[in-house]
Amino acid sequence: VQLVESGGGLVQPGGSLRLSCAASGFTSKYHAIGWFRQAPGKEREGVACISMDDNSTIYADSVKGRFTISRNNAKNSVSLQMDVLKFEDTAVYYCAADERPYGFFCEVVTSREYDYWGQGSQVTVSS
């Protein structure tokens, strides 16, 4: 499985950014894409995930109502639309893939089930 991220950058508080994750190489239809982030000096934090077989989504409380995860079947990619960005959203964002031979609900409380990771994209919220 390969994951290639794009997007990110610098934005003012209250602004928006969009991250994309192009995924390839899955052998099972049961897989999920999650977004995680890590700020300097902090532990990695789960942001959102989407299960690719039924489109179910999960969001961390810190981003609920501001971030939207979605998938583009034609491009086999997942996007993270980030609105109303705050200073505390500044971090390196990673997309990750969890692939299994059976159906499951994705989660981002832990990243231990995610075996494949993108290269990371810097998101900086600054005035």
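Only a predicted model underlies this, so the values are computations on that prediction, with no experimental measurement involved.
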Visitor: Is there side-chain contact between D98 and D115, with at least one heavy-atom pair below 4.5 Å?
Guide: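 Not in contact.
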Visitor: Within 45 degrees of the ring normal and closer than 6.0 Å to the centroid, is that where the cationic atom of R100 sits relative to F104?
Guide: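 Ring-cation test returns yes.
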Visitor: Can you hop from L19 to Y116 via hydrophobic side chains spaced under 4.5 Å?
Guide: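 Same cluster.
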Visitor: Applying side-chain hydrogen bond (donor to acceptor under 3.5 Å, both in side chains), name anything that partners T124, two or more places apart in sequence or on another chain.
Guide: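 Partners of T124 under the side-chain hydrogen bond (donor to acceptor under 3.5 Å, both in side chains) test: Q122.
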Visitor: Which residues, ordered by chain and number, are linked to I58 in its hydrophobic cluster, where ILVMFWY side chains connect at heavy-atom gaps below 4.5 Å, directly or through other members?
Guide: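 For the cluster that includes I58, the remaining residues are F36, V92, Y94, V108, Y114, W117.
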Visitor: Is there a side-chain contact between L10 and S126 in this structure, where contact means two heavy atoms from C-beta onward sitting under 4.5 Å apart?
Guide: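 The answer is yes, as the side chains (C-beta and beyond) meet within the 4.5 Å cut-off.
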Visitor: Would you give me the side-chain donor-acceptor pairs under 3.5 Å for residues 82-91, sequence neighbours excluded?
Guide:
| residue | atom | partner | partner atom | Å |
| --- | --- | --- | --- | --- |
| D83 | OD1 | S16 | OG | 2.7 |
| D83 | OD1 | Q81 | NE2 | 2.9 |
| D89 | OD1 | R37 | NH1 | 2.9 |
| D89 | OD1 | R66 | NH2 | 3.0 |
| D89 | OD2 | R66 | NH1 | 2.7 |
| D89 | OD2 | R66 | NH2 | 3.4 |
| D89 | OD2 | K86 | N | 2.7 |
| T90 | OG1 | F87 | O | 3.0 |
| T90 | OG1 | V125 | N | 2.9 |
| T90 | OG1 | V125 | O | 3.4 |

Visitor: Check residues 47-54 and write down every donor-acceptor pair under 3.5 Å in which the side-chain atom is one partner and the other belongs to a residue at least two apart or another chain.
Guide:
| residue | atom | partner | partner atom | Å |
| --- | --- | --- | --- | --- |
| S51 | OG | S56 | OG | 3.3 |
| S51 | OG | C106 | N | 3.1 |
| D54 | OD1 | S56 | N | 3.0 |
| D54 | OD1 | S56 | OG | 2.9 |

Visitor: Quick one: do R44 and S111 satisfy side chain to side chain contact (heavy atoms under 4.5 Å, CB included)? Show the steps, please.
Guide: CA-CA 9 Å; R44 185 164 53 194; S111 63; 3.2 Å; yes
Visitor: If you take all heavy atoms of S28 and E99, which pair is closest and at what distance?
Guide: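 Minimum heavy-atom separation between S28 and E99: N-OE2, 2.7 Å.
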Visitor: Answer yes or no: does atom CD of Q2 have more than 12 heavy-atom neighbours from other residues, nucleotides or ligands under 6.0 Å?
Guide: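 At most 12 heavy atoms, drawn from other residues, nucleotides or ligands, come within 6.0 Å of this atom.
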Visitor: Verify the distance criterion only: is there a donor paired with an acceptor across the side chains of S79 and R71 at less than 3.5 Å?
Guide: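 The criterion, which ignores hydrogens and geometry beyond distance, is not satisfied for R71 and S79.
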Visitor: Where do L3 and A23 come nearest, in terms of heavy atoms and distance?
Guide: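 The answer is CD2-CB, 3.6 Å.
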Visitor: Is there a path of hydrophobic side-chain contacts, each under 4.5 Å between heavy atoms of I, L, V, M, F, W or Y residues, that connects Y93 with Y59?
Guide: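 Both belong to a single hydrophobic cluster.
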Visitor: Say you draw a straight line from SG of C95 to CD1 of I33; how long is it, rounded to the nearest 0.5 Å?
Guide: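 Result: 6.0 Å between the selected atoms.
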Visitor: Which heavy atom of P13 sits nearest a heavy atom of S127, and at what distance?
Guide: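 Here P13 and S127 meet closest at CD-N, 3.9 Å.
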Visitor: Who are the side-chain hydrogen bond (donor to acceptor under 3.5 Å, both in side chains) partners of S121, not counting sequence neighbours?
Guide: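 So S121 forms a side-chain hydrogen bond (donor to acceptor under 3.5 Å, both in side chains) with E5.
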Visitor: Which is it for V78 and I69 under the side chain to side chain contact (heavy atoms under 4.5 Å, CB included) test, yes or no, and what are the steps along the way?
Guide: CA-CA 7 Å; V78 170; I69 188 170; 3.6 Å; yes
Visitor: Kindly write out the residues that satisfy salt bridge (Lys or Arg N to Asp or Glu O under 4.0 Å) with K64, not counting sequence neighbours, or none if the list is empty.
Guide: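 In terms of salt bridge (Lys or Arg N to Asp or Glu O under 4.0 Å), with neighbours along the sequence ignored, K64 is linked to D61.
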